[in-house]
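Starting from 1, each residue takes its place in the sequence as its number. As the structure is a computational prediction, the values presented were derived from the model and not from experiment.
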Amino acid sequence: MEVLTFKIFGRHKVIMKILGIEFAPLSIPMERRLQTVGALHYTYAFLFFGFGMLFVFLYLLFTNYYFVPLAYLAWYFYDRDTSKHGGRRSEWVRRWSLFRWSADYFPLKLIKTHDLSPAKNYIFACHPHGVMCQSHFVNFASEGTGFSELFPGLQSFLCVLSGQFMFPIFREYFLLSGAVEVSRESIEWILTKEGTGNALAIMIGGAVEALEAHPRSLKLKVKSRKGFCKLALKHGASIVPVFAFGENDLYEQIPNPDGSLVRRFQNFLTHLLGFSPALFHGRGIFNYTFGLLPYRKPVFTVVGAPIVVQPVPDPSGEQINELHETYCSELYNLFETHKHKYGYTESDHLDYE
């Protein structure tokens with residue numbers, strides 16, 4: 001056993017290293033413990049809440065409480081369109097202290113570069129996806145980083161996979177956060193039925209981009225992603241490039257270069273299941289070496305200038321391509337303008353795929 005003693009914030013902390021595992025000290029300020037609870041809440045909800053509730057309901061079907069999942073199934077069929085008809089946001093839920101603690105854990109910072117008028121609608125085109133969209137969820141599905149204070153008059157809607165709304169109870173959690181389906185029907189509903197002052201946060205690279213979420217990676221899946229441009233043109237919604245500096249640094253993934261057996265298997269499962277089976281690890285609850293919690297590394301999400309889009313009821317392929325090229329250029333400029341502030345060098349550039 002190796003005992004290492006070092007001084008942080010004027011206090012001595014003792015960290016034991018046993019078999020290469022670096023344990024967290026017992027004497028941690030309450031503030032940091034609450035931050036860990038916040039990060040734990042999102043991580044374990046993302047990984048286990050949905051499937052956990054599904055297994056619980058399947059088990060209840062074979063007990064005396066079989067009426068519980070049957071009643072919920074009836075509710076689901078009655079309420080199934082809510083996730084694509086504007087959701088069911090709760091400002092009380094969005095302001096839970098858990099989300100503020102989660103933001104402070106890394107910490108996460110949401111940075112505004114331009115004012116956005118609530119008289120318009122916006123599509124926040126977000127990169128990178130990261131392993132679990134940690135920063136994007138806290139920024140746009142909660143008030144953990146103060147979205148409504150930075151952008152007064154706007155409502156944010158995080159767009160997530162439709163499958164997330166098929167899990168019992170878990171779907172209610174997502175709906176209360178203001179999340180909606182990332183489907184054409186869902187996006188068009190908000191852009192046409194919910195008035196103005198709406199900001200739809202879409203992970204443009206989708207599940208495939210999560211497989212590129214290695215520390216310092218700048219590979220983005222964007223070249224073939226043009227559906228959001230078509231919807232923006234059709235409804236006159238401004239596109240806002242958003243880049244989260246540090247999102248890819250929160251976990252370590254096993255090596256999975258393009259063409260490798262691991263990547264081919266991951267791509268197969270992604271197309272089959274709709275979500276990416278990233279093979280990753282972070283730190284643990286009681287150790288700093290291995291676990292499912294993200295590392296404590298800062299993430300700075302910069303919201304760029306809006307690309308003004310004039311409505312075109314039936315946009316042509318040429319118009320869609322032109323807008324897409326403009327978006328790619330503006331995203332590139334956003335990264336280049338801010339990269340030196342957040343730990344990137346002159347040689348670091350976005351890599352579009």
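- Side chains of Pro294 and Tyr251 form a contact here, defined as non-hydrogen atoms less than 4.5 Å apart.
- Remark: the backbone N or O of Gly130 is not paired with any side-chain donor or acceptor of Glu209 at under 3.5 angstrom.
- The backbone N or O of Cys126 lies less than 3.5 Å from no partner atom in the side chain of His129, so there is not a single donor-acceptor pair.
- Residues Arg171 and Asp79 have side chains in contact (heavy-atom distance under 4.5 Å, counting atoms from C-beta outward).
- Enclosure of atom CD in Glu322 is not indicated, since only 12 or fewer non-hydrogen atoms of other residues, nucleotides or ligands lie within 6.0 angstrom.
- Evaluation of the ring-ring contact (aromatic ring centres under 6.0 Å, His included) rule for Tyr344 yields Phe245, Phe335 as partners, not counting sequence neighbours.
- Among pairs with a residue in residues 307-317, those fulfilling side-chain hydrogen bond (donor to acceptor under 3.5 Å, both in side chains) read Ser316-Gln319, at least two apart in sequence or across chains.
- Between the side chain of Ser102 and the backbone N or O of Leu98 there is no donor-acceptor pair closer than 3.5 Å.
- Salt-bridge formation is detected for the pair Arg88/Glu172: a Lys NZ or Arg NE/NH1/NH2 atom is positioned less than 4.0 Å from an Asp or Glu carboxylate oxygen.
- No close placement of the Phe55 and Tyr59 rings is indicated, their centers lying 6.0 Å or farther apart.
- The main-chain N or O of Asn333 is found under 3.5 Å from a side-chain atom of Thr337 such that the two form a donor-acceptor pair.
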Chi angles and distances behind the side chain to side chain donor-acceptor pair (under 3.5 Å) call for Glu247, His136: CA-CA 9 Å; Glu247 176 68 36; His136 302 303; 4.8 Å; no

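- Arg94 places no side-chain N or O within 3.5 Å of a backbone atom of Glu91 that could act as its donor or acceptor partner.
- With hydrogens and angles disregarded, a donor-acceptor distance shorter than 3.5 Å links the side chain of Arg225 to the backbone of Ile204.
- Judged by distance alone, the side chain of Tyr105 and the main-chain N or O of Arg32 form no donor-acceptor pair under 3.5 Å.
- Not a single donor-acceptor pair under 3.5 Å links the side chain of Thr43 to the backbone N or O of Leu40.
- Sorted by first then second residue, the side-chain hydrogen bond (donor to acceptor under 3.5 Å, both in side chains) pairs that include residues 110-124, not counting sequence neighbours, are Lys112-Asp115, Asn121-Asn198.
- Checked by atom type and distance alone, the side chain of Asn248 pairs as donor or acceptor with a backbone atom of Ser217 at under 3.5 Å.
- Note: His281 and Phe290 meet the aromatic proximity criterion, with ring centroids under 6.0 Å apart.
- A salt bridge does not link Lys84 to Glu181: none of the charged side-chain nitrogens sits closer than 4.0 Å to a carboxylate oxygen.
- The aromatic ring centroids of Phe49 and Tyr44 lie 6.0 Å or more from each other.
- For the pair Arg263 and Asp258, the salt-bridge criterion is met [side-chain N within less than 4.0 Å of a carboxylate O].
- Taking the ring axis of Phe157 as reference, the NZ or CZ atom of Arg89 stays within 45° of it and closer than 6.0 Å to the ring centre.
- We find that Glu212 and Lys221 are joined by a salt bridge, their nearest charged nitrogen and carboxylate oxygen being less than 4.0 Å apart.
- Checked against a 6.0 Å centroid threshold, the rings of His41 and Phe99 count as neighbours.
- Ring pair Tyr173/Trp96 is tilted by interplanar angle, where 30° to 60° counts as tilted.
- Under the 6.0 Å cut-off for aromatic ring centres, Phe170 and Phe165 do not qualify, their centroids lying 6.0 Å or more apart.
- Between the side chain of Tyr352 and the backbone N or O of Cys328 there is at least one donor-acceptor pair closer than 3.5 Å.
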